[in-house]
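Below is one structure, written out as C-alpha cells; the observations come after it.
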There are 2 protein chains.
Amino acid sequence: MVTKEEKTTQNPCPVSAMVALIGGKWKPIILYCLRSDTRRFGEIATRIPTISRKVLTDQLKELEQDQLIIREQFNETPPRVEYSLSELGKSMAPVLAAMEKWGTENILNKHL
Amino acid sequence: MVTKEEKTTQNPCPVSAMVALIGGKWKPIILYCLRSDTRRFGEIATRIPTISRKVLTDQLKELEQDQLIIREQFNETPPRVEYSLSELGKSMAPVLAAMEKWGTENILNKHL
DNA sequence: TTCTTTAGTTACCATTACGTTACCACTATT
DNA sequence: AATAGTGGTAACGTAATGGTAACTAAAGAA
C-alpha cells in the first residue's frame, strides 16, 4: 500500500510508484479478475481459490484506499457487496494485459 | 521467487506466473535498471539508492536463479561483477515499459 | 427450531520480506 | 602502516504478509 510517507516523499521512479500500488502477491490478480466485470466478494474468492478470505478482505481494503477499486455495499440480507475497477484501476489495464501476455507466452505449459 | 512446488503445480493464471517471478518491492526496479545496459553491482546500488546491499544481493541471486538476468564475474582485484538481462529478462520489456508509462502518467508530480 | 447464506471480523500464529550493522579478501596507493 | 575500492557475507532484528479457526448478524427456508 501507499503510505503517507510515500505520498510526500518524491520518489522519482515511475516503476517504484507502480510497485507501491500493486506490489504483493495478490493485487495484480485481483485487478485482473475485475478487468471486465463487477464482481461480488464470493465470486472473487471462487475465481482465486488459493487466497484466504481474510487476505482477500485485506487486499480489497487497500485497493479501495488507493482508489483503484470501488466497493458498493447493498444493505440486504444476506449481505451483498460488489467490487469494480475505478477509472484509475481501469487505467492499469495495459500493465495487466502485458503481464497476462508474458505469462501466457513464457510460463504456462512450459515447465520452465 | 519461483519454488519447485510452483514449477510443478499447474497454476493456470498467467498473471500469477508473472507475479511469482517479479513480485516484491525491488525486482521490477532492478530489471528496469538493467533494461538498456549491462551494469556492475555498485552501479545498480547507486541507481537504486534506497535498497540495501544485502537485499540487492538477495534479489539479484533470485533473478539469476529464475534466469531473468545473467551474472558475469571477472577475477580481478578489486572484483568486478556485471549483470545483464537474459533473453527471458528482455522479454519482459513490454511489462516494464507499461509500468513505467503508467507511473509517469498517473503518479509522479500528482501528490495523488 | 435449526440450518443456510453472505461478507465479513477477531484472535492468534507462522512465514517471508526487508533492513542494519559489522565484517572479509585482495591489491594498489599514499 | 594505513586507507580505499569492490562485491559481497553473517548475524541479527523488525515489519509485512499470509493463513486458520471460530465467530457474527439477519432473514428465509426446511
* To do: Indicate yes or no: at least one non-hydrogen side-chain atom of Phe41(A) is less than 4.5 angstrom from one of Leu60(A).
  => yes
* Do Leu56(B) and Ile70(B) belong to the same hydrophobic cluster, where Ile, Leu, Val, Met, Phe, Trp and Tyr are linked whenever their side-chain heavy atoms lie under 4.5 Å apart, directly or via other members? -> no
What is the distance, rounded to the nearest whole Å, between atom [atom1] of [X] and atom [atom2] of [N]?
| X | N | atom1 | atom2 | result |
| --- | --- | --- | --- | --- |
| Lys27(B) | dT16(C) | NZ | P | 13 Å |
| Phe41(B) | dG5(D) | CZ | P | 16 Å |
| Leu56(A) | dT17(D) | CG | P | 15 Å |
| Phe74(B) | dT27(C) | CZ | P | 19 Å |
| Leu60(A) | dT6(C) | CG | C1' | 14 Å |
| Gln73(B) | dA25(C) | CD | P | 16 Å |
| Glu43(A) | dT5(C) | CD | P | 17 Å |
| Arg80(B) | dG7(D) | CZ | P | 9 Å |

So, taking the atom named [atom1] in [X] and the one named [atom2] in [Y], what distance separates them when rounded to the nearest 0.5 Å?
| X | Y | atom1 | atom2 | result |
| --- | --- | --- | --- | --- |
| Ile44(B) | Leu34(B) | CD1 | CG | 4.5 Å |
| Leu63(A) | Arg71(A) | CG | CZ | 13.0 Å |
| Ile69(A) | Glu62(A) | CD1 | CD | 10.5 Å |

* Is the phosphate of dG5(D), meaning OP1 or OP2, less than 4.0 Å from a side-chain N or O of Arg40(B)? -> no
* Asked: Taking only side-chain nitrogens and oxygens of Lys61(A), does any of them come within less than 4.0 Å of OP1 or OP2 of dT9(C)?
  -> yes
* Asked: Heavy atoms under 4.0 Å, any strand shown: does Tyr83(A) hit a base, just sugar-phosphate, or nothing?
  -> sugar-phosphate
* List the protein contact pattern of nucleotides 24-30 of chain D with one symbol per nucleotide (5' to 3'): B for base contact, S for sugar-phosphate-only contact, - for none; contact means a heavy-atom distance under 4.0 Å. => --BS---
Donor-acceptor list for residues 90-100 of chain A side chains, cut-off 3.5 Å, not counting sequence neighbours:
| unit_1 | atom_1 | unit_2 | atom_2 | d |
| --- | --- | --- | --- | --- |
| Lys90(A) | NZ | Glu87(A) | OE2 | 3.3 |
| Ser91(A) | OG | Leu88(A) | O | 2.5 |
| Ser91(A) | OG | Trp102(B) | NE1 | 2.8 |
| Glu100(A) | OE2 | Tyr32(A) | OH | 2.8 |

Show me the protein contacts with nucleotides 17-21 of chain C, counting only N or O atoms at under 3.5 Å.
| unit_1 | atom_1 | unit_2 | atom_2 | d |
| --- | --- | --- | --- | --- |
| dC18(C) | OP1 | Lys25(B) | N | 2.9 |
| dC18(C) | OP2 | Gln59(B) | NE2 | 3.3 |
| dG19(C) | OP1 | Lys25(B) | NZ | 2.9 |
| dG19(C) | OP2 | Trp26(B) | NE1 | 3.0 |
| dG19(C) | O6 | Lys54(B) | NZ | 3.0 |

* Smallest separation among heavy atoms of Ser86(A) and Gln67(A), with atom names -> OG-O, 2.7 Å
* How far apart are the closest heavy atoms of Arg40(B) and Glu43(B), and which atoms are they? -> N-OE1, 2.8 Å
* Are the side chain of Arg39(A) and the backbone N or O of Cys33(A) linked by a donor-acceptor pair below 3.5 Å? -> yes
